[in-house]
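These numbers were taken from a predicted model, which means no experiment stands behind them. In what follows, chains are A, B, ... by sequence order, proteins preceding strands, each numbered from 1.
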Amino acid sequence: MSSLAKELSAAAGAAFEGMGLEARFGEVRRSDKPELADFQCNGAMAAAKAAGKNPREIAGEIAAKLKAHALVLSAEVAGPGFINLRVSDAALSARAEGVRGDAMAGGEKAGDAQVTVIDFGGANVAKPMHVGHLRSAVIGDTLQRICRFAGDTVISDVHLGDWGLQMGHLVTELEDEQPGLVYFDAAYTGPYPKEPPVTIEDLGRLYPQASNKAKADEARNERSQKAVAEMQAGRAGYRALLRHFIDVSVEELKKDYGFLNVSFDLWKGESDVDHLIPGLVERFKQAGLAEESDGAWIVRVAKDSDKKEMPPVMLVNSRGGTGYHTTDLATIEDRMENLTPTPERMLYVVDQRQALHFEQVYRAAGMLGLIAEDRLEHIGFGTVNGPDGKPFKTREGGVLRLADLNTMALEEAFRKIEAAGKLPEDMGEEERFDVAKKVAVAALRFSDLMNTRTTNYVFDLDRFTSFEGKTGPYLMYAAVRIKSVLRKAAEAGHVPGEVAVTEDAERALVLQLDGFGAAVLGAREKRMPHILCEHLYNLAQAFSSFYAALPIAAETDGAKRVTRLALADAVRHQLETGLDLLGITVPERM
RNA sequence: GACUCCGUAGCUCAGCUGGAUAGAGCGUUCGCCUUCUAAGCGAAUGGUCGCAGGUUCGAGUCCUGCCGGGGUCGCCA
């Protein structure tokens, strides 16, 4: 059984069609006014406008038809043409049982499932991840979970930045420090040592060193650029170093991503498509899309309809090198030709500031026929800001490493848990640590996801790790409390059973449960995880109200007790399912 | 300068294709633990939706113009 809202929408839609009006006017949603109705339909007014008829008359006819529907208790017209609906207790009871017994906890599959690549573009080899990477990781991972849940075939790709100037910086800086390494002997062709010549700490030190020097010294910068060009041309020693750099970095990246419950199907990078670039450039030239300009090869992607300036795609720069325009295009080609099944859509979860870059790449990809332009989507997001409203920095003014952020969250979560002193006495060290870790991840992920994706937000660790308010830990606590109630009830021999809803608090809870599917699909369609966050928070709140208002396991009336236990179990199921989509796991107790 | 995002309660933010008295959280002030986790619940407080026009039965939402803030704008990714 699908959601009540969906059933009612279908019925109302049919009623509108029966009057020769569009079915879309029949959309039914939760009522804004719980004291007046369970659900409402506002379509009569829009339909009346479109058809030039009286809205109250249309609403009256629709309401009359809806009254005959099995789920409907009452249907009334109010105001200028609102249709207020109440559903029967029996309908709510059946819906609650449906949610409880459903593998998707009341969620629904999307009608337009697609093979979708999710590109997390951002993590760079040799550069430690910083707070900015938190968003791409968390938003991208949540989208991949939501899309899979809704039926999409998702292929996620971390898409490492392993092919730019930073590689040149690393190579040259390492050469300055250890000129004797075989990698720098141009005459030597291998084999190269298996063991990397650097550690992650070395990489973290070398890159900023070189980068700072290059900023101050143009000759130094050119050396790095030259090294990149040579690497791109295939110099064996440099390639071997690149492999080492990537391996060392990936090991480190996996720790940070792992802490946040973020995973990928593919650990590809820009360097993986290097071999495709000459052919790709040739294709652009053959197609007459590339032209030479100031010694560079560019693709003009501007359209007459453009209101803004649209710079061309830089296919090959004047030094013969290729930048990330070209590698992104080559990556699209690679995916279309080598992934199975063939992608139908690609989502790029990358900082909003790169919008123009992706617009250019998507146009070029469409022009060459790699994939239709409208199948490529930039899922941009805002920055993580400090208390001053500017991008988050450490006290010293540097960028905050993601690893340090994770540690800070973990420590703060542990501190709060200990300060509250609510953990069970018999809980051991290991379990306490596990709870703190789950709380920290819940805090970080939820606080990021609950913000509208496209806007900036202010990072406030104290607020995010709080158990009070709209936070990950609050949601986690709500779920744990339900588990505790159910566990204790079971120990007393009380188990959930047939649902027979009677109380207002019970009705409100089921009405909230009913919205899960729409929230998940809404989050997927708009690529906006905060829609799901909002639903889950409201669900947790509805449960807390229900919990405070009515006894559950302690209820003495058997029929009421099994109803409430079943409702509690349905909420637990949906909450855990939903939180899992956000990458948040719920401990057994806390 | 062009383009783009944003401006809603003291603070941080929701507000779906225009719909009923604009909603949460935090904060502040009151209540509520002899009952299932009070890390909770209930209530109160708090808004000229940046400003000015326009479209219409109806605008936080759509259009125009201003004001204020962030971001981007061919060889760094």
In whole angstrom, what separates [X]'s [atom1] from [N]'s [atom2]?
X: A/K307; N: B/rU4; atom1: NZ; atom2: P; result: 5 Å
X: A/H169; N: B/rA77; atom1: NE2; atom2: P; result: 10 Å
X: A/M310; N: B/rU72; atom1: CE; atom2: P; result: 16 Å
X: A/R564; N: B/rU35; atom1: CZ; atom2: P; result: 18 Å
X: A/Q360; N: B/rC73; atom1: CD; atom2: P; result: 9 Å
X: A/L475; N: B/rA24; atom1: CG; atom2: C1'; result: 13 Å
X: A/K213; N: B/rC76; atom1: NZ; atom2: C1'; result: 19 Å
X: A/E588; N: B/rU37; atom1: CD; atom2: P; result: 14 Å

For nucleotides [N] and [M], find the distance between their [atom1] atoms and express it as a whole number of Å.
N: B/rG23; M: B/rG60; atom1: P; answer: 13 Å
N: B/rU37; M: B/rC5; atom1: P; answer: 50 Å
N: B/rA2; M: B/rG65; atom1: P; answer: 11 Å

Report yes if a donor N or O on one partner sits less than 3.5 Å from an acceptor N or O on the other, where the partners are the side chain of [X] and the base of [N]; otherwise report no.
X: A/Q40; N: B/rA20; answer: yes
X: A/S545; N: B/rC41; answer: no
X: A/D162; N: B/rA77; answer: no
X: A/K49; N: B/rG19; answer: no

More than 12 non-hydrogen atoms from neighbouring residues, nucleotides or ligands closer than 6.0 Å to NZ on A/K226, yes or no?
->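 Atom NZ in A/K226 is not crowded, with 12 or fewer foreign heavy atoms closer than 6.0 Å.
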Given the 90°-from-0 boundary between syn and anti, B/rG74 should be labelled syn
Can you check B/rC57 for me, syn or anti if syn means within 90° of 0?
->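 The base of B/rC57 is oriented anti (glycosidic angle more than 90° from 0).
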Roughly how far apart are A/I277 CD1 and A/T326 OG1, rounded to 0.5 Å?
->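 With rounding to 0.5 Å, CD1 (A/I277) is 6.0 Å from OG1 (A/T326).
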List for me each residue that meets ring pair (Phe, Tyr, Trp, His ring centres under 6.0 Å) alongside A/Y477, sequence neighbours excluded, and say none if there are none.
->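 Ring pair (Phe, Tyr, Trp, His ring centres under 6.0 Å) list for A/Y477, sorted by chain: empty.
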Any salt bridge linking [X] with [Y]? Criterion: basic side-chain nitrogen under 4.0 Å from a carboxylate oxygen.
X: A/D434; Y: A/K437; value: no
X: A/K483; Y: A/E576; value: yes
X: A/K416; Y: A/E412; value: yes
X: A/D351; Y: A/R353; value: yes
X: A/D514; Y: A/R30; value: no

Keeping the roles fixed (side chain from A/T452, backbone from A/T454), state whether a donor-acceptor pair exists under 3.5 Å.
-> no
Report yes if at least one side-chain N or O of [X] is closer than 4.0 Å to OP1 or OP2 of [N]; otherwise report no.
X: A/Q541; N: B/rG25; value: yes
X: A/Y474; N: B/rC41; value: yes
X: A/H325; N: B/rA77; value: no
X: A/S293; N: B/rC75; value: no
X: A/T326; N: B/rC75; value: no
X: A/Y324; N: B/rC75; value: no

At under 4.0 Å between heavy atoms, what does [X] touch on the DNA or RNA strands: base, sugar-phosphate, or nothing?
X: A/R589; answer: base
X: A/D294; answer: base
X: A/Q166; answer: nothing
X: A/S318; answer: base
X: A/Q225; answer: sugar-phosphate
X: A/G79; answer: nothing
X: A/H530; answer: sugar-phosphate
X: A/I552; answer: base
X: A/R319; answer: sugar-phosphate
X: A/N84; answer: base

Heavy atoms, side chains only, cut-off 4.5 Å: are A/N221 and A/H169 in contact?
-> yes
Within residues 480-487 of chain A, find the residues that approach RNA chain B with a heavy atom at under 4.0 Å, and present them sorted by residue number.
->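 Residues of residues 480-487 of chain A under 4.0 Å from RNA chain B: A/V480, A/R481, A/S484, A/V485.
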From C-beta outward on [X], which listed nucleotide comes closest to its side chain: [options]?
X: A/Y547; options: B/rA38, B/rG19, B/rC3; value: B/rA38
X: A/T452; options: B/rC13, B/rC26, B/rU17; value: B/rC13
X: A/N42; options: B/rU12, B/rG19, B/rG25; value: B/rG19

Is the NZ or CZ atom of A/R481 positioned over A/Y547's six-membered ring, under 6.0 angstrom from the centre and within 45° of the axis?
->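 Geometry flag: set, cation within 6.0 Å and 45°.
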Between A/D448, A/N451, A/N385, which is the residue that forms a side-chain hydrogen bond (donor to acceptor under 3.5 Å, both in side chains) with A/Y457?
->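 Testing each of A/D448, A/N451, A/N385 against A/Y457, the sole residue satisfying side-chain hydrogen bond (donor to acceptor under 3.5 Å, both in side chains) is A/D448.
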A/R300 or A/K470, whichever maps to the more 5' nucleotide of RNA chain B | A/K470
Pairs counted as Watson-Crick or G-U wobble with both distances under 3.5 Å: what dot-bracket string results for RNA chain B, using | for bases tied to another strand?
-> (((((((..((((.....[...))))((((((.......))))))....(((((..]....))))))))))))....
Is A/Y477 stacked on the base of B/rG40, meaning ring centres closer than 5.5 Å and planes within 30 degrees of each other?
->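 So no, this residue does not stack on that base, at least one cut-off failing.
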